[in-house]
> 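Just dropping this structure here.
Remember, it's 1-based here, ligands and their atoms both numbered in the order they're listed. Starting from 1, each residue takes its place in the sequence as its number.
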Amino acid sequence: MKEQQTKNISKFLSLVLRHQPETIGITLDPNGWTDVQELLAKMNTRHYRITREQLQEVVDTNDKKRFAFNDDGTQIRASQGHSVEVSLGLPPATPPEYLYHGTVAKFLLSIRKDGLQKMSRQHLHLSRDRETAVNVGSRRGAPVILTIHTGQMHRDGFVFYLSDNGVWLTDSVPASYIQF
Ligand code: HQG
């Protein structure tokens, strides 16, 4: 498949597996999984014509490993980033002493006041290194990288999860744990 085609399909999968499954009339189960055959059938009634093998290629080559199949390959879900309510079933995990969050300057006043919030998503996303946070922040403009004292948060009872594709997830970060 051409790179652009793979990218288009990945964007469409992000839409239906994270935000608007109803767009193509699929449903996600409580853990975010949907049936692969049904997804392919529904996609093929649109202009996203794709075979099972091509879907596998999109999942395998995705730059952020955004999607995952279940063990027998009959179901697929997004590994993180949902706005629809799903329970990813991830066990609580112990974060490193520091994690990072990439944002942009126009949000800083509000972040200083309210801390970091999950906004429209199910979790707040934190990055394991500065480079990843720069990429996240750059989606919105000149990136500003915040350092989060996640080790201290964890000792203070905040709960963290590590998604299957290596993104750290939590509910919120009070401003007192953020180095601006
Ligand atoms: C900001 C992409 C004002 C926050 C990325 C961010 C990531 C506040 C925006 C994943 C705030 C929310 C998630 C507050 C947070 N006041 N603004 N109190 N608290 N914000 O897209 O972290 O490519 O929901 O800084 O790589 O940017 O989709 O979160 O700028 O992993 O797989 O509100 O999405 O992954 O934006 O990105 P988002 P995010 P994918």
> For atom 11 (C) of ligand 1, what's the nearest protein heavy atom and its distance?
Ile111 CG1, 3.6 Å
> Under 4.0 Å from a heavy atom of Arg66: which atoms of ligand 1 are those, numbered in the order shown and with their elements?
23 (O), 32 (O), 40 (P)
> Ring-plane angle category for Phe160 and Trp168, please: parallel below 30°, perpendicular beyond 60°, tilted otherwise.
perpendicular
> Nearest heavy atom to atom 39 (P) of ligand 1 wins, so pick from Lys106, His125, Arg139.
Arg139
> Hey, are Arg52 and Glu57 close enough for a salt bridge, meaning a charged N less than 4.0 Å from a carboxylate O?
no
> For ligand 1, which atoms sit closer than 4.0 Å to a heavy atom of Thr103?
4 (C), 25 (O), 30 (O)
> Pairs of nitrogen or oxygen atoms closer than 3.5 Å, one from Asp114 and one from ligand 1: do any exist?
no
> Check Arg18 against ligand 1 and report side chain, backbone, both or neither, counting heavy atoms closer than 4.0 Å.
side chain
> Any non-hydrogen atom of His101 lying under 4.0 Å from ligand 1?
yes
> Of all the heavy-atom pairs spanning Leu162 and Ala93, show the shortest one and how long it is.
N-CB, 4.2 Å
> Indicate the ring-plane relationship of Phe158 and Tyr177, choosing parallel, tilted or perpendicular according to the 30° and 60° boundaries.
perpendicular
> So, Ser138 side chain and Val134 main chain: donor-acceptor pair closer than 3.5 Å or not?
yes
> Taking distance alone, with N or O pairs closer than 3.5 Å, would you say Gln80 contacts ligand 1?
no
> Hydrophobic side-chain clustering at under 4.5 Å (ILVMFWY, transitive links): who's grouped with Leu109? Put none if nobody.
none
> Does Phe107 have any ring-ring contact (aromatic ring centres under 6.0 Å, His included) partners at least two apart in sequence or in another chain, and if so, which?
none
> With nothing but distance in play, are any N or O atoms of Arg121 less than 3.5 Å from an N or O of ligand 1?
yes
> Run down the list Ser120, Ser163, Pro143, Gly115 and name the one with the heavy atom closest to atom 18 (N) of ligand 1.
Gly115
> Are Arg77 and Phe67 in a cation-pi contact, defined as NZ or CZ under 6.0 Å from the six-membered ring centre and within 45° of the axis?
no
> How close does the nearest protein non-hydrogen atom get to atom 19 (N) of ligand 1, and which residue and atom is it?
Gln117 N, 3.0 Å
> For atom 26 (O) of ligand 1, find the nearest protein heavy atom and state the residue, atom name and distance (0.1 Å precision).
Lys64 NZ, 2.5 Å
> Give the residue and atom name of whichever protein heavy atom lies nearest to atom 36 (O) of ligand 1, and the separation in Å to one decimal.
Arg140 NH2, 2.7 Å
> Would you tell me which option among Ser83, Ser110, Ser14 has the nearest heavy-atom contact to atom 3 (C) of ligand 1?
Ser110
> Output yes when a side-chain donor or acceptor of Asn62 lies under 3.5 Å from a complementary backbone atom of Lys64, and no otherwise.
yes
> With atoms numbered from 1 as shown, which atoms in ligand 1 lie under 4.0 angstrom from a non-hydrogen atom of Leu116?
15 (C), 19 (N)
> Measuring from non-hydrogen atoms of Gly137 to any atom of ligand 1, is the shortest distance under 4.0 Å?
no
> Check for a donor-acceptor pair, side chain of Thr51 on one end and backbone N or O of Gln54 on the other, with a separation under 3.5 Å.
yes
> Measure the distance from atom 1 (C) of ligand 1 to every protein heavy atom, then report the residue, atom name and distance (to 0.1 Å) of the closest one.
Phe107 CD1, 3.8 Å
> Any salt bridge between Lys118 and Asp171, counting N to O under 4.0 Å?
yes
> For atom 33 (O) of ligand 1, which protein heavy atom lies nearest, and how many Å away is it?
Met119 CG, 3.5 Å
